[in-house]
Amino acid sequence: MHQPPIVTRFAPSPTGLLHLGHAHSALFGWKAARVAGGRFLLRIEDIDPVRCRPEFVAAIFEDLAWLGLEWESPVRVQSSHLEDYAAALARLDAMGLLFPCFCTRKDIEAEIHAAGHAPHGPDGPVYPGLCRRLDPAQRAERLASGQPHAVRLDMAKAVDLVGQLTWHDQAAGSIAARPELFGDVVLARKDTPTSYHLAVTVDDALQGVNLVTRGADLFEATHVHRLLQALLGLPVPVWHHHRLLTDESGRRFAKRDRALTIASLRAAGHTPESVRHMAGVIP
């Protein structure tokens with residue numbers, strides 16, 4: 001049976017300069033596609049209107065090209081495709097799986113404090129379900145008044161609908177999906193009409209990505225993405241969550257580590273070859 005070509009992607013958010021950890025991730029996905037004779041895509045995940053800046057987009061292109069990476073054009077920019085996420089939300093809403101959430105962080109913290117405890121998931125305390133339990137009339141009234149709100153997935157309903165799911169990671173093997181660990185995840189925020197979970201799932205499907213390579217810090221998020229794929233009838237890729245680069249103290253690289261950005265290393269006289277060696281991925 002003919003296997004489709006491998007399609008990978010690197011999908012940074014333009015909220016700062018790329019660092020060595022980003023270089024490792026980009027080179028990892030690029031090399032996986034290159035070795036298999038496949039395709040490598042670049043995607044700009046700029047759904048955060050506050051933190052994302054055009055100068056960081058330009059820097060991403062410059063840094064990756066300097067490292068020797070090549071990618072297909074046009075580059076998908078999430079903020080230019082909000083209608084795709086709106087369509088996915090509409091489909092989930094038609095299935096009765098969404099509810100508006102008017103809670104502030106203080107509301108959620110107060111409810112958790114009043115309860116005396118809260119289950120913890122991969123992202124911290126699990127949402128206690130305040131707005132899921134709202135009286136329908138009260139919910140309609142608050143929506144009609146234009147009160148700002150996020151949109152959450154009714155996790156219990158969603159899991160019950162699809163049943164048990166699995167996903168495959170090239171490093172960890174077959175994994176039983178446990179999206180319920182996250183509780184009622186946010187799929188659209190008050191200040192932007194989507195969320196990371198929804199946008200990345202829709203984008204990977206639309207772009208034909210069949211091997212998702214990304215850092216181990218996103219391993220748990222795959223439980224939610226696998227659920228969304230099942231709900232929306234999307235193809236299921238294979239994943240490979242690679243190790244995270246750390247400094248000598250064992251702390252993972254972050255955008256605040258300015259001395260370790262690709263731009264600063266280039267300015268200090270490093271060559272693309274030396275930075276690729278520092279990033280731990282040799283073409």
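Fair warning: this is a prediction, and the values are worked out from it, not measured in the lab. Worth knowing before you read on, the calculation uses all heavy atoms, side chains too, and leaves out hydrogens, waters and symmetry mates. One-based numbering along the sequence shown.
The shortest distance between side-chain heavy atoms of Arg43 and Gln207 falls below 4.5 Å. Side-chain contact between Thr15 and Arg53 is absent, with no heavy atoms from C-beta onward closer than 4.5 Å. Taking 4.5 Å as the limit, every side-chain heavy atom of Arg266 sits out of range of all side-chain heavy atoms of Val275. Contact annotation: the side chain of His24 approaches that of Phe28 to within less than 4.5 Å [non-hydrogen atoms, C-beta and beyond]. For the pair Leu20 and Thr261, the minimum side-chain heavy-atom distance is 4.5 Å or more. Here the side chains of Pro122 and Leu181 are in contact, with some heavy-atom distance below 4.5 Å. With a 4.5 Å cut-off on side-chain heavy atoms, Phe40 and Phe10 count as touching. Residues Leu218 and Tyr196 meet the side-chain proximity criterion, which asks for heavy atoms closer than 4.5 Å.
A cation-pi geometry, defined here as NZ or CZ lying under 6.0 Å from the six-membered ring centre and within 45° of its normal, does not hold between Arg152 and Phe99.
The pair Asp203-Arg9 does not meet the salt-bridge criterion, since no charged nitrogen lies less than 4.0 angstrom from a carboxylate oxygen. Salt-bridge formation is detected for the pair Arg276/Glu273: a Lys NZ or Arg NE/NH1/NH2 atom is positioned less than 4.0 Å from an Asp or Glu carboxylate oxygen. A salt bridge does not link Arg243 with Asp217: none of the charged nitrogens is closer than 4.0 Å to a carboxylate oxygen. Arg139 has no carboxylate O lying under 4.0 Å from a charged side-chain N of Glu141, or vice versa, which leaves the two without a salt bridge.
Interatomic distance, CG of Leu228 versus OG1 of Thr222, reported as 11.5 Å (0.5 Å rounding). Here CG of Asp169 is found 10.0 Å from OG of Ser174. Values are rounded to the nearest 0.5 Å. Taking CD1 of Ile108 as the reference point, atom CZ of Arg105 lies at 8.5 Å (rounded to 0.5 Å). Taking CG from Asn210 and CD from Gln3, the interatomic distance works out to 9.5 Å, rounded to the nearest 0.5 Å.
In this structure, Pro237 and Val212 approach most closely via the heavy-atom pair CG-CG2, 3.9 Å. The heavy-atom pair separating Ser79 from Asp46 by the smallest distance is OG-OD2, 2.6 Å. Taking all atoms of both residues into account, the shortest heavy-atom contact from Gly208 to Val7 is O-CB, 3.4 Å. Pairing each heavy atom of Ile112 with each of Val126, the nearest pair is CD1-O, 4.5 Å. Summarising the geometry of Ile262 relative to Leu67, their closest heavy-atom pair is CD1-CD1, 3.8 Å, with the distance given to 0.1 Å. Across all non-hydrogen atoms, the minimal contact from Thr8 to Gly29 is OG1-O, 2.9 Å.
Between the Thr271 side chain and the Ser274 main chain, a donor and an acceptor come within less than 3.5 Å of each other. Between the side chain of His22 and the backbone N or O of His19, at least one donor-acceptor pair lies under 3.5 Å. Between the Thr201 side chain and the His197 main chain, a donor and an acceptor come within less than 3.5 Å of each other. At least one donor-acceptor pair under 3.5 Å links the side chain of Arg226 to the backbone N or O of Thr166. Put simply, the side chain of Thr192 never gets that close to the backbone of Arg189: no donor and acceptor are under 3.5 Å apart.
If you chain together hydrophobic residues whose side chains sit under 4.5 Å apart, Ile6 and Trp71 never meet in one group. No path of Ile, Leu, Val, Met, Phe, Trp and Tyr side chains, each step under 4.5 Å between heavy atoms, connects Met155 with Leu130, placing them in separate hydrophobic clusters. Linking ILVMFWY side-chain heavy atoms closer than 4.5 Å, directly or via other members, places Val202 and Leu98 in a single hydrophobic cluster. In this structure, Val200 is not a member of the same hydrophobic cluster as Trp239, with clusters built from ILVMFWY side-chain heavy atoms closer than 4.5 Å. Clustering ILVMFWY residues whenever any of their side-chain heavy atoms sit less than 4.5 angstrom apart, transitively, puts Leu232 in the very cluster that holds Leu227.
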For the pair Cys101 and Tyr127, evaluate side-chain contact (heavy atoms from CB on, under 4.5 Å) and give the outcome as yes or no after the intermediate values. CA-CA 10 Å; Cys101 178; Tyr127 175 69; 3.4 Å; yes
Assess the residue pair Arg76 and Asp84 against the criterion (salt bridge (Lys or Arg N to Asp or Glu O under 4.0 Å)); give the C-alpha distance rounded to whole Å, side-chain angles, the decisive distance to 0.1 Å, and a yes or no. CA-CA 12 Å; Arg76 183 174 174 90; Asp84 292 331; 2.9 Å; yes
Determine, stepwise, if the pair Leu231 / Val162 fulfils side-chain contact (heavy atoms from CB on, under 4.5 Å). CA-CA 7 Å; Leu231 293 171; Val162 301; 3.4 Å; yes
What verdict does the side-chain contact (heavy atoms from CB on, under 4.5 Å) test give for Leu161 and Met95, after you've listed the backbone C-alpha separation in whole Å, the side-chain angles of each residue and the deciding distance to 0.1 Å? CA-CA 10 Å; Leu161 182 63; Met95 298 165 70; 3.5 Å; yes
Given the rule in the side-chain contact (heavy atoms from CB on, under 4.5 Å) test, do Val281 and Trp30 qualify, once you have shown the distances and angles that lead to the verdict? CA-CA 10 Å; Val281 182; Trp30 176 76; over 6 Å; no
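Taking the six-membered ring for Trp and the full ring otherwise, Trp167 and Phe219 have centroids separated by under 6.0 Å.
The environment of CZ in Arg34 is sparse: at most 12 heavy-atom neighbours from other residues, nucleotides or ligands sit within 6.0 Å. In Glu70, the CD atom is not crowded: 12 or fewer heavy atoms of neighbouring residues, nucleotides or ligands sit closer than 6.0 Å. No more than 12 heavy atoms of other residues, nucleotides or ligands shown are found within 6.0 angstrom of CZ on Arg178. Atom NE2 of His277 has 12 or fewer heavy atoms from other residues, nucleotides or ligands within 6.0 Å. For Arg133, the CZ atom is densely surrounded, since the number of other residues' heavy atoms within 6.0 Å is greater than 12.
With hydrogens and angles left out, the side-chain atoms of Gln78 and His81 include no donor and acceptor closer than 3.5 Å. Residues His242 and Thr213 have side chains that never bring a donor and an acceptor to within less than 3.5 angstrom of each other. There is a side-chain donor-acceptor pair under 3.5 Å between His241 and Arg214.
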